[in-house]
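What you are looking at is a predicted structure, and each value in this text was computed from that prediction instead of being measured.
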Amino acid sequence: MKTQSFGNQRGILTLMRIVRVGSLLVFLQTASGCAVYMAANQPPQKNLAVLSPGTSRSLVIAELGYPISTKKNGDQRVDVFSFTQGYSKGAKVGRAFVHGVADVFTLGIWEVIGTPAEAVFNGDKIVIETTYDVDDKVQKVTALDRSGAARPTELSSGARPRSEPLSE
């Protein structure tokens, strides 16, 4: 009878190990993919070429979204836009792929590094002031800092903000 009891204990211990290992694997499976998901769902890259002189206001709004404020300054309109400059589709897919491969090779441990990294690298916050002429065409673009002060900066994708009116 003692041998049979020892065998039952051994079976129970083995079953408990299987349950523990299974639970760990389920946890790792559910935890993994967070960095992959975050990378794939980063904000899209805005086409800042719409800030070029002569572009219509409607095209600027279509690309950047509605302005956070609009005011009239004589016969000119001034819009302030605030948005997150994200990443191209290729960059997002590449990052998600790298995270996925790293998850597989590390059995999900990569998430400890990948998820915080994706939380930090989630695009650049950009605030710009756009001045339009009487025909609602872009005339001047000024990059602003969070306090609303003009700051000289190069906007990514080639469009350069200007703090002085453009010559015609």
Side-chain angles (χ1 to χ4, degrees), residues 17-71 77-132 136-163 166:
R17 283 187 189 136
I18 291 171
V19 168
R20 265 193 253 151
V21 169
S23 297
L24 180 63
L25 289 176
V26 167
F27 171 75
L28 289 176
Q29 277 299 93
T30 57
S32 71
C34 200
V36 173
Y37 177 81
M38 290 173 73
N41 290 299
Q42 290 288 351
Q45 184 175 29
K46 306 283 188 185
N47 178 7
L48 299 183
V50 298
L51 298 174
S52 300
T55 304
S56 71
R57 180 175 184 260
S58 60
L59 286 175
V60 174
I61 291 173
E63 182 63 28
L64 304 182
Y66 286 104
I68 58 172
S69 74
T70 300
K71 65 181 177 181
R77 183 188 317 255
V78 179
D79 287 339
V80 175
F81 294 94
S82 176
F83 58 93
T84 300
Q85 178 63 306
Y87 302 95
S88 69
K89 186 175 254 186
K92 293 192 301 186
V93 168
R95 286 166 62 168
F97 178 77
V98 167
H99 287 301
V101 170
D103 279 347
V104 168
F105 283 114
T106 64
L107 299 175
I109 296 172
W110 173 253
E111 291 300 318
V112 174
I113 297 168
T115 300
E118 284 302 319
V120 170
F121 299 111
N122 60 355
D124 295 323
K125 182 78 169 177
I126 296 179
V127 180
I128 58 165
E129 182 181 78
T130 306
T131 304
Y132 306 93
D136 268 350
K137 305 285 186 191
V138 173
Q139 183 178 32
K140 177 177 80 168
V141 176
T142 306
L144 305 175
D145 62 16
R146 292 178 195 262
S147 69
R151 63 181 167 99
T153 185
E154 186 89 22
L155 296 176
S156 56
S157 85
R160 182 178 172 89
R162 297 181 176 269
S163 56
L166 300 171

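With no hydrogens or angles considered, a side-chain donor-acceptor pair links S82 and K125 at under 3.5 Å.
Here the closest non-hydrogen pair linking F81 and Y132 is CE1-OH, 3.6 Å. The two atoms that bring S88 and Q45 nearest to each other are CB-OE1, 3.5 Å, heavy atoms only. Nearest heavy atoms, E63 versus N47: OE2-N, 2.7 Å. Listed here is the closest heavy atom pair of A39 and A96: CB-N, 3.7 Å. The two residues L51 and V141 come nearest to each other via the heavy atoms O-CG2, 3.5 Å. Looking at every heavy atom in both residues, T115 comes nearest to C34 through OG1-CB, 3.7 Å.
Among pairs with a residue in residues 49-62, those fulfilling salt bridge (Lys or Arg N to Asp or Glu O under 4.0 Å) read R57-D79, at least two apart in sequence or across chains. Listed by first and then second residue, the salt bridge (Lys or Arg N to Asp or Glu O under 4.0 Å) pairs that reach into residues 90-99 are R95-E118, sequence neighbours excluded.
Looking at K137 and T55, their side chains never come closer than 4.5 Å, going by heavy atoms from C-beta outward. The shortest distance between side-chain heavy atoms of V80 and S69 falls below 4.5 Å. Counting heavy atoms from C-beta outward, I128 and L48 have side chains that stay 4.5 Å or more apart. Put simply, the side chain of N122 does not reach to within 4.5 Å of the side chain of T84, judged on heavy atoms. Side-chain contact check for T130 versus V78: every heavy-atom pair is 4.5 Å or farther apart. The shortest side-chain heavy-atom distance between F105 and W110 does not fall under the 4.5 Å cut-off.
Side-chain N or O atoms of E111 include none that pairs as donor or acceptor with a backbone N or O of D103 at under 3.5 Å. Judged by distance alone, the side chain of S52 and the main-chain N or O of A49 form a donor-acceptor pair under 3.5 Å.
N41 is linked by a side-chain hydrogen bond (donor to acceptor under 3.5 Å, both in side chains) to nothing, counting only residues two or more places apart in sequence or in another chain.
Taken to the nearest 0.5 Å, the CD atom of Q85 stands 5.0 Å off from the CD1 atom of I126.
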